[in-house]
Amino acid sequence: MGISPYYVLLLIPILAVFLLVLLYLIARPRPSRIPIKGRHVFITGGSSGIGLAIAHQAAAEGARVSILARNPKRLEEAREAVRLATGVEVNVFSADVRDAKAVSRAVEEAGPIDVLVCNQGVFMPLELEKQELEEVKFMVDVNLMGTFHLIKAALPTMKRRTRETGLPASIALMSSQAGQVGIYGYAAYSASKFALRGLSEALQHEVIADNIYVSLIFPPDTETPGFAEGEQERRPELTNIIAGSSKGMKADDVAKASLNGIKSGRFIIPCNFEGTMIAIATCGLSPQSSFITAFIEVAGASFLRLTALFFQWNWFCTIEKWQTKNSAKLKENTY
Ligand SMILES: NC(=O)C1=CN([C@@H]2O[C@H](COP(=O)(O)OP(=O)(O)OC[C@H]3O[C@@H](n4cnc5c(N)ncnc54)[C@H](OP(=O)(O)O)[C@@H]3O)[C@@H](O)[C@H]2O)C=CC1
Ligand SMILES: CCCCCCCCCCCCCCCC(=O)[C@@H](N)CO
């Protein structure tokens with residue numbers, strides 16, 4: 001007599017179903033679809049790399065596209081490239097995002113925005129000790145302050161537009177996997193990208209009543225002109241090794257993941273498999289509209305923490321080995 005111990009096993013699926021139902025009820029913000037077709041998508045840094053790839057795809061999907069960057073020649077080339085590929089005429093705006101007035105003029109001229117993609121960004125990896133404060137400030141100004149300027153300029157008309165059309169809108173910010181985990185060589189860059197997360201979490205609370213969804217995009221190393229130009233050879237070798245833990249991507253694939261995430265109103269948008277793992281490991285107190293992802297976050301928490309600790313262990317070992325090797329070399333050279 002008595003209850004068979006095997007009944008205990010039944011508890012697992014029952015708990016899982018209970019948890020799924022609970023998460024379905026409480027996941028916030030409520031899921032939404034954000035249409036792109038026929039709507040105004042404004043992309044900063046849209047003349048190169050990831051931004052240009054997003055411009056191409058948004059145009060191909062029937063959006064009205066505007067791009068903003070500094071260099072007018074590169075903007076014209078981008079306009080031409082999108083026209084050749086899709087037949088769509090892109091509006092171009094030359095401005096430096098560090099100049100709040102110039103940003104606000106461009107945004108006004110472009111007209112009300114439905115999807116704002118703050119993608120402009122600069123990256124100069126270097127150990128903080130060797131990096132000039134000027135470069136630190138440059139990254140913070142372009143990556144963080146530039147994003148503030150854009151949102152401040154676009155928000156009032158975006159709000160009016162969602163009220164008038166009844167359709168949800170989106171503000172998407174381009175962070176980086178280096179905005180989820182700080183790694184060697186990225187003290188300044190990571191600071192500028194982590195900051196976007198605080199901005200996004202707070203902003204999502206403030207704009208949900210206006211039917212605006214905030215998205216944060218976290219790409220790994222991506223093949224772009226900006227990445228090819230300086231980063232790969234300039235980057236400290238330890239940064240190369242650690243960043244190599246996450247598989248690199250093509251700009252087109254990052255753009256596809258970004259647009260899919262934006263259209264589904266996702267708060268956090270990972271781009272590759274490692275990115276999905278990092279997103280779950282670093283979910284923290286962030287908004288989550290998908291109850292399925294919420295379920296994975298809850299069920300996977302301890303396992304992913306353990307995995308993350310193994311990654312850190314591996315990285316610290318690499319750093320230690322590297323430094324022992326280098327100090328040996330240094331000694332050789334002095335004798
Ligand atoms: N490539 C990568 O490995 C990764 C990139 N990212 C992020 O993705 C975003 C795009 O990167 P990626 O495509 O590689 O970069 P690129 O260097 O290829 O392009 C950067 C774009 O931003 C514009 N831009 C730069 N500074 C300013 C400024 N002050 N004002 C206005 N526009 C500016 C550039 O135009 P112009 O110079 O004419 O102003 C260009 O259009 C960045 O935010 C980056 O941090 C995230 C993870 C990985
Ligand atoms: C729990 C499981 C964890 C799994 C793996 C963790 C891997 C972390 C890799 C960090 C990569 C940082 C890339 C920065 C890209 C970038 O922004 C620059 N190219 C500049 O643009």
Side-chain angles (χ1 to χ4, degrees), residues 43-55 67-78 92-99 102-103 106 117-125 138-139 141-147 149-150 172-186 189-190 192-193 196 216-232 234-235 239-252 254-255 258 270-283 300-301 303-312 314-315:
I43 307 153
T44 64
S47 63
S48 171
I50 298 173
L52 179 57
I54 296 178
I67 58 176
L68 179 146
R70 286 166 306 180
N71 186 328
K73 191 165 155 271
R74 283 219 290 177
L75 281 166
E76 278 312 318
E77 284 164 9
V92 302
F93 299 92
S94 169
D96 189 321
V97 295
R98 289 173 294 173
D99 181 347
V103 166
V117 185
C118 305
N119 160 81
Q120 88 289 343
V122 285
F123 26 90
M124 301 155 145
F138 179 57
M139 279 186 268
D141 281 345
V142 175
N143 301 355
L144 176 61
M145 288 316 295
T147 301
H149 296 156
L150 286 158
L173 312 188
M174 194 60 68
S175 181
S176 157
Q177 285 180 1
Q180 293 174 298
V181 49
I183 66 169
Y184 190 103
Y186 274 141
Y189 179 69
S190 280
S192 76
K193 292 296 189 181
L196 296 179
L216 254 178
I217 307 162
F218 293 107
D221 278 342
T222 306
E223 287 172 35
T224 66
F227 185 59
E229 234 167 56
E231 221 197 21
Q232 262 166 324
R234 207 195 127 147
R235 233 168 29 169
T239 311
N240 275 332
I241 297 171
I242 298 176
S245 316
S246 184
K247 197 167 177 292
M249 289 178 78
K250 296 210 180 314
D252 278 337
V254 170
S258 305
C271 298
N272 61 359
F273 172 74
E274 292 84 346
T276 306
M277 296 301 116
I278 305 169
I280 301 165
T282 62
C283 56
F303 172 71
L304 274 156
R305 177 61 179 136
L306 185 63
T307 313
L309 290 168
F310 270 109
F311 271 90
Q312 284 293 354
N314 177 253
W315 294 335

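The figures that follow rest on heavy atoms only: side chains count, while hydrogens, waters and symmetry mates do not. Counting starts at 1 for both ligands and their atoms, following the listed order.
Proximity of P220 to ligand 1, defined as any heavy-atom pair under 4.0 Å, is confined to the backbone N, CA, C and O atoms. When non-hydrogen atoms are compared, ligand 1 lies under 4.0 Å from neither the backbone nor the side chain of A251. Contact annotation: for V142 versus ligand 1, heavy atoms closer than 4.0 Å belong to the side chain alone.
When the heavy atoms of G121, G226, C118, G51 are ranked by distance to atom 20 (C) of ligand 1, first place goes to G121. Evaluated by nearest non-hydrogen atom to atom 35 (O) of ligand 1, the leading choice among A228, A69, G45, S192 is A69. Proximity annotation for atom 8 (O) of ligand 1: of Q120, M174, H149, R74, M174 comes nearest, heavy atoms only.
Counting the atoms of ligand 2 from 1 in the order shown, those under 4.0 Å from a heavy atom of Y189 are 16 (C), 17 (O), 20 (C), 21 (O). Distances below 4.0 Å separate heavy atoms of F227 from the following atoms of ligand 2: 19 (N). Of all atoms in ligand 2, numbered sequentially from 1 with element shown, those under 4.0 Å from a heavy atom of S176 are 14 (C), 15 (C), 16 (C), 17 (O).
The closest approach between any non-hydrogen atom of F218 and ligand 1 is not below 4.0 Å. G146 does not count as a contact of ligand 1, since none of its heavy atoms falls under 4.0 Å from the ligand. Contact analysis puts K193 in contact with ligand 1, with a non-hydrogen atom separation below 4.0 angstrom.
Atom 38 (O) of ligand 1 has N71 N, 2.8 Å as its closest protein atom, hydrogens excluded (heavy atom only).
Among the atoms of Q177, none of the N or O lies under 3.5 angstrom from an N or O of ligand 1. Note: an N/O pair closer than 3.5 Å links N119 and ligand 1 by distance alone.
A salt bridge is defined here as a Lys NZ or Arg NE, NH1 or NH2 lying under 4.0 Å from an Asp or Glu carboxylate O, and K250 with D252 fails to meet this definition.
Under the side chain to side chain donor-acceptor pair (under 3.5 Å) criterion, Q312 pairs with no residue, sequence neighbours left out.
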